[in-house]
Every structure is written in structure tokens, then in C-alpha cells.
Novice: 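Just passing along the structure, written as C-alpha cells.
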Amino acid sequence: MGAAGTLRVNVLEQCQLRCAYCLPGAVKPFTPNPARLRVDEYRRLAAAFGAHGLRKVRFTGGEPLLHPELEGVIAAFRAGLPQATLAVTTNGLLLPSRLEALARAGLDAATVHIDSLRPDRYRQSMGDGDLEVALQAVAMARARLARVKLNCVVQKGLNDDELWSFLALSRRLDVEVRFIELMNTGSATHYTRGAFVSGARMLALLAEREPIAPLRRRHEADPAALYRTGSGITFGVIASDTAPFCGACDRLRLTPDGRLRGCLYEAGGTSLRDALRGGATDAALEALVGATVHTKRSFHPASTPGLTPFSMSEAGG
Ligand code: SAM
């Protein structure tokens, strides 16, 4: 592989929700506060990533808005990567109160995760959250940020009859939906096997109402394959299991304790935190990032046997 264009920064693993397929904290305990990267450390790392010319940084978790200094983290990356798109993936519940400060810090885009548009199902899938607040967050973000998307993890018998409701919402709020295949990361194997809906099945369900035409990906490395409905609604399908996109992947991932990885499924990583705390120079940090870029390879179960179980809240989905 050997090219990097985007970075996912997992700022912390904690979440106030408990999605049935994610289960934060189920596989490994959360990183304790002193072991997590500090804002001044993110500032130095952002400069090192900036030297490699990334085009996009996405802040995720856990729930990134639980991080008390997320504005500072975003401002650090804005300074280090002035041209990059800075995005957050969030359940949206804390977004209304922080949106303005996050936008001022440099946030450009948000993806809000909502699995159902029915309050009972939303709670069944995601835990004790308030769907109305999440929907309000989407509308507010659309008014303030350059780009807003919706993540919907499609689950058999839970929300696979709501795909057109999501597309209607997408048209009404002018946001694109990403329908996501459940990935078996080993944290909730029984659930993910039983609820799995393939990308092809999602398209077949949507095509019962209108013809669906494929579009080109906006960027070759984007995880979502794009489609347009007959009535002109654009949406994406992320089919990590049935149509892995490792060949075009340009993502790096940074864990809360500063381990840099080239793949979601990779267990270890290079500790940039240890380098920082050991007195590494800026040039040495840049070289460590470069080494990960050049040795990046896929650990996807389709190509590498022996999955080490993890929760998406640790890996930073
Ligand atoms: N708390 C934020 C949220 O809910 O979006 C950010 C972190 S969450 C781990 C990021 C995304 O991972 C979610 O939007 C959800 O779509 C996706 N996700 C989590 N576990 C998954 C799984 N097992 N399979 C597919 N997608 C998953």
C-alpha cells in the first residue's frame, strides 16, 4: 500500500451509549486518563502528520464529544493541517451544546450515527439515548458545517424496513446516508452474525421501490460505494465484510494512547506517545509516521487469519 490520505483519531473509548454490536469496554478496559494523549501532544503530532500532507482527519471514539478538550484537539490539528478537512463521527447527543465551539476550533464536517428513526428501536439498538436530540444535532450541524452525513448500521429485524425512511430524511435535511454492514470485530459475535444484512441485500431492499444506479466513489479511498435512487437521492453503502476495500485504503488510525496503526484490524501499532514522552524531535516523529505509512498493510480477516477481538470503540470506527 504505502500511501496515507486520511487519519482517524480515536480520542477516547468511552461512550454514553451501548450499541448491541459495539459494546465499549467489553473486550478491554478503557485507557486511563494519564495514558491518553494530551492536547499539547496532539499539537506536536498534528505537525508531524501535516508533513505527510493528509487530506482529512476524522475524530471518533467511543464518543468523541465526551472528551472535555475536544475543541483543543481539533484546534491543534487545524494548526498542523490547515488545508485538511476535519470531521467528527458522533452519536450527536452532545453536539447541540458544543457545535459552535467545535466549528470555531476548525471542525468542517460531522457524521451523526442514528440506527433507527423510531424511538423504541433506536434505544433497542443504541442504548439509552434520545433520538429527538440526535435528529436536532443533524439539523443544527447541517446549518453550521460544510458537510454532514448520517451513519446507519443496518440490522436484520431491527431497521432493515427503514431504509427508505432514512433516504426521505436524507432528502429533507440535505444530508447523505451511509448504510453500514455489521462487522464482526469479535466483541459481539453472536449478535453480529444474527443481525447481519449484506450491502447487496440493502440495495435489493431499496430497489423494491425505485431503480438504484451506482455512482463513482468521490475519492478512490472512500469506504462508501455511492448510489443514486431514481428520484435523485444519493447515498452510500459501506460493505466492509462482503466487499472489502483494503486495496484502496489510505487510512491511518491513532488510538487514545497514541498508537499509530495502518489498519482497523491491526492489534499493535507504533507508540507515538512513548516517542513524544521519550523526547523525540519533530523530525523523529515525522519519520515514525512515515514508517507506518510505508509499511501499512491489511489485517482484514479476509486476508489475515487470526482476528484479535476488539470493540469498534477501541479501534475508532
Ligand atoms: N460514538 C460515535 C458514533 O456512534 O458514531 C463514534 C464511534 S462509533 C465506534 C463509530 C461508528 O462505528 C458508528 O457510527 C457505527 O456506525 C460504527 N460501528 C460500530 N461498531 C460497528 C460494527 N460492529 N459494525 C459496523 N459498524 C460499526
Side-chain angles (χ1 to χ4, degrees), residues 8-28 30 57-67 70 87-95 98 102 107 109-116 122-123 125-131 133-135 137-138 141 148-156 158-160 166 175-199 202 223-224 235-245 251 253-256 264-265 300-301 307 309-317:
R8 300 234 169 154
V9 181
N10 181 357
V11 291
L12 85 180
E13 297 111 341
Q14 286 85 340
C15 188
Q16 72 277 58
L17 297 182
R18 199 167 168 79
C19 296
Y21 44 82
C22 185
L23 303 180
V27 180
K28 264 207 285 183
F30 299 131
V57 181
R58 178 173 292 283
F59 303 93
T60 181
E63 172 48 44
L65 273 77
L66 288 178
H67 194 296
L70 185 61
V88 70
T89 301
T90 173
N91 57 41
L93 298 177
L94 296 170
L95 195 56
R98 275 176 96 174
L102 292 168
L107 186 71
T111 298
V112 181
H113 172 202
I114 295 177
D115 282 347
S116 172
Y122 174 85
R123 281 194 299 275
S125 171
M126 298 183 66
D128 195 19
D130 188 333
L131 173 62
V133 176
L135 289 171
V138 178
V148 179
K149 289 184 288 188
L150 270 182
N151 267 1
C152 168
V153 179
V154 180
Q155 298 154 71
K156 196 188 294 171
L158 185 281
N159 60 1
D160 52 350
F166 273 94
V175 298
E176 266 180 29
V177 181
R178 297 287 179 262
F179 293 119
I180 301 178
E181 260 182 16
L182 267 174
M183 294 162 69
N184 179 15
T185 65
S187 66
T189 300
H190 184 69
Y191 184 83
T192 50
R193 289 224 174 98
F196 183 78
V197 180
S198 71
M202 295 174 205
F235 65 94
V237 173
I238 301 182
S240 315
D241 259 29
T242 58
F245 31 81
R251 279 171 286 288
R253 295 171 180 276
L254 187 65
T255 63
L264 175 76
Y265 288 95
H300 190 290
L307 172 73
F310 63 95
S311 160
M312 204 67 90
S313 61
E314 293 154 20

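Residue numbers start at 1 and run along the sequence shown. Given the structure is predicted, the values throughout are model-derived calculations rather than measurements. As the structure lists them, so they are numbered: ligands from 1, and atoms in each ligand from 1.
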Novice: For the backbone of Leu66 and the side chain of Gln14, can you confirm whether one donor and one acceptor N or O come within less than 3.5 Å of each other?
Specialist: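 No: the side chain of Gln14 does not pair with the backbone of Leu66.
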Novice: Quick check against the 3.5 Å criterion: does Thr192 have a side-chain atom that pairs as donor or acceptor with the backbone of Met183?
Specialist: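 Pair absent, no side-chain N/O of Thr192 close to backbone of Met183.
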Novice: Within the 4.5 Å heavy-atom criterion, are Glu63 and Leu93 side-chain neighbours or not?
Specialist: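 Not touching, per the 4.5 Å side-chain cut-off.
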Novice: Taking the side chain as C-beta and beyond, is there a heavy-atom pair between Asp128 and Arg123 under 4.5 Å?
Specialist: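 Yes. Closest side-chain heavy atoms under 4.5 Å.
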Novice: Quick one, Phe196 and Lys156 - any side-chain contact, counting heavy atoms below 4.5 Å?
Specialist: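 They are not in contact (no side-chain heavy atoms under 4.5 Å apart), so the answer is no.
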Novice: Polar pairs, ligand 1 vs protein, N/O only, below 3.5 Å.
Specialist:
{"from": "ligand 1", "atom 1": "1 (N)", "to": "Gly62", "atom 2": "O", "distance (Å)": "2.9"}
{"from": "ligand 1", "atom 1": "1 (N)", "to": "Glu63", "atom 2": "OE1", "distance (Å)": "3.0"}
{"from": "ligand 1", "atom 1": "4 (O)", "to": "His113", "atom 2": "ND1", "distance (Å)": "2.8"}
{"from": "ligand 1", "atom 1": "14 (O)", "to": "His113", "atom 2": "ND1", "distance (Å)": "3.3"}
{"from": "ligand 1", "atom 1": "14 (O)", "to": "Asn151", "atom 2": "ND2", "distance (Å)": "3.0"}
{"from": "ligand 1", "atom 1": "23 (N)", "to": "Met183", "atom 2": "O", "distance (Å)": "2.9"}
{"from": "ligand 1", "atom 1": "24 (N)", "to": "Met183", "atom 2": "N", "distance (Å)": "2.8"}

Novice: Parallel, tilted or perpendicular: which one describes the rings of Tyr21 and His113, with boundaries at 30° and 60°?
Specialist: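 Answer is tilted, since the angle falls between 30° and 60°.
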